[in-house]
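Here the structure comes first, spelled out in structure tokens, and everything after it is commentary.
Owing to the predicted nature of the structure, the values given are computational and were not obtained by experimental measurement.
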Amino acid sequence: MKESFYFTNISPQLAAFNRRKWKDLEEQVRLWVQRNDTLYVTTGPIFWEVTKVIGRNQILVPSHFYKALLTRNKGSWKAVGFLLPNEEIKKPLDSFRCTIDSLERVSGLDFFPLLADSIEVKIEREYDKSFWHAK
């Protein structure tokens with residue numbers, strides 16, 4: 001936990017985003033951790049538009065944040081992405097679910113390259129809405 005507070009691991013979020021919808025997503029991820037054998041989580045910023053900078057050093061504020069989730073539960077792999085704008089959000093969390101493929105397209109990242117292609121291709125192009133439903 002201590003390592004998550006290094007400057008190299010932080011990114012500015014608007015308070016209305018961080019304290020509400022992003023907090024909801026982080027709490028949901030904690031529930032999924034408890035319900036699954038293994039859960040891999042990748043989180044980061046996306047800079048589609050730079051509309052805000054903060055501080056003396058003009059630090060860029062990301063326009064969006066993502067989470068890519070992968071679980072192996074009872075021998076079955078499942079994955080889902082979440083892409084949220086860094087702003088106050090009124091919509092339900094499930095509105096921001098997306099496939100890993102779509103998240104890879106917008107981020108330019110390959111999230112789970114070490115999975116066998118037979119698994120990776122299938123789980124990255126779809127997600128199970130009932131499994132990844134936010135409570």
Side-chain angles (χ1 to χ4, degrees):
M1 186 69 157
K2 181 179 160 185
E3 292 176 357
S4 69
F5 293 102
Y6 287 131
F7 278 114
T8 55
N9 195 46
I10 61 173
S11 194
Q13 293 181 333
L14 301 178
F17 171 70
N18 179 270
R19 295 179 187 151
R20 293 185 185 107
K21 203 54 68 175
W22 190 253
K23 179 183 173 210
D24 293 348
L25 179 55
E26 290 184 330
E27 288 173 354
Q28 181 62 56
V29 168
R30 286 184 191 98
L31 291 174
W32 285 324
V33 165
Q34 293 171 1
R35 291 195 323 226
N36 293 284
D37 297 342
T38 304
L39 184 68
Y40 300 95
V41 181
T42 304
T43 302
I46 293 184
F47 296 89
W48 276 337
E49 0 166 304
V50 178
T51 58
K52 186 170 182 174
V53 294
I54 60 171
R56 183 172 32 117
N57 295 323
Q58 300 292 288
I59 297 168
L60 301 176
V61 177
S63 60
H64 293 74
F65 284 89
Y66 67 82
K67 282 195 184 288
L69 306 168
L70 171 70
T71 186
R72 182 163 187 240
N73 197 20
K74 299 176 184 164
S76 175
W77 292 94
K78 295 182 185 294
V80 70
F82 284 85
L83 180 62
L84 293 87
N86 187 12
E87 61 189 36
E88 185 172 7
I89 297 172
K90 304 280 188 202
K91 294 180 184 178
L93 195 51
D94 285 339
S95 309
F96 300 95
R97 279 185 311 213
C98 61
T99 65
I100 297 298
D101 278 345
S102 64
L103 196 53
E104 287 178 338
R105 279 191 298 277
V106 300
S107 69
L109 301 170
D110 183 5
F111 289 106
F112 309 117
L114 298 180
L115 284 175
D117 286 343
S118 59
I119 297 169
E120 183 183 12
V121 168
K122 182 180 186 310
I123 66 167
E124 288 189 354
R125 75 170 175 239
E126 58 191 33
Y127 60 85
D128 180 340
K129 289 181 183 179
S130 62
F131 184 85
W132 294 111
H133 175 66
K135 306 286 183 215

Contacts of type ring-ring contact (aromatic ring centres under 6.0 Å, His included), residue F65, not counting sequence neighbours: F17, W22
Selection residues 95-104 - residue pairs positive for salt bridge (charged side-chain N to carboxylate O under 4.0 Å, His left out), sequence neighbours left out: D94-R97
S102: partners by side-chain hydrogen bond (donor to acceptor under 3.5 Å, both in side chains), with sequence neighbours left out: T99
Residue pairs involving residues 90-112 (criterion ring pair (Phe, Tyr, Trp, His ring centres under 6.0 Å); sequence neighbours excluded): Y66-F111
ILVMFWY clustering at 4.5 Å (side-chain atoms), partners of I59: I54, V61
V106 with I123, same ILVMFWY side-chain cluster at under 4.5 Å: yes
Spacing of CD1 belonging to I89 relative to CG belonging to D24, to within rounding of 0.5 Å: 9.5 Å
Same apolar cluster: I100 and L69, side chain cutoff 4.5 Å: no
For E27, side-chain hydrogen bond (donor to acceptor under 3.5 Å, both in side chains) partners two or more places apart: none
Nearest-0.5 Å distance that lies between atom CG in L109 and atom OG1 in T42: 8.5 Å
Salt bridge (Lys or Arg N to Asp or Glu O under 4.0 Å) partners for R20, two or more places apart: E88
S76 side-chain N/O to N73 backbone N/O, donor-acceptor pair under 3.5 Å: no
Cluster companions of V121 among Ile, Leu, Val, Met, Phe, Trp, Tyr (side-chain spacing under 4.5 Å): none
Considering all heavy atoms, the nearest L84-L25 contact: CD1-CD2, 3.8 Å
Between OG on residue S63 and CZ on residue F47, distance to nearest 0.5 Å: 8.0 Å
CD on E26 to NZ on K21, rounded to 0.5 Å: 13.5 Å
Whether T38 side chain and T71 backbone form a donor-acceptor pair below 3.5 Å: no
Of all pairs that satisfy salt bridge (charged side-chain N to carboxylate O under 4.0 Å, His left out), the ones with a partner from residues 72-82, not counting sequence neighbours: K78-D128
Single-linkage hydrophobic cluster, 4.5 Å side-chain cutoff, V33 and L70 together: no
By side-chain hydrogen bond (donor to acceptor under 3.5 Å, both in side chains) - contacts of N18 (at least two apart): Q13
All pairs passing side-chain hydrogen bond (donor to acceptor under 3.5 Å, both in side chains) where residues 107-124 contributes a residue, at least two apart: K122-E126
Cluster link L31 to L39, ILVMFWY, side chain under 4.5 Å: no
side-chain hydrogen bond (donor to acceptor under 3.5 Å, both in side chains) involving Q28 - partner list, sequence neighbours excluded: none
From L83 atom CG to L103 atom CG, the distance as rounded to the nearest 0.5 Å: 6.0 Å
F131, CZ atom: more than 12 neighbouring heavy atoms under 6.0 Å: yes
Hydrophobic cluster membership, L14 vs F82, 4.5 Å side-chain cutoff: yes
Least distance between heavy atoms, P12 atom then P62 atom: O-CD, 3.3 Å
Atom pair NE2 (H133) and CH2 (W32), whose distance is rounded to the nearest 0.5 Å: 9.5 Å
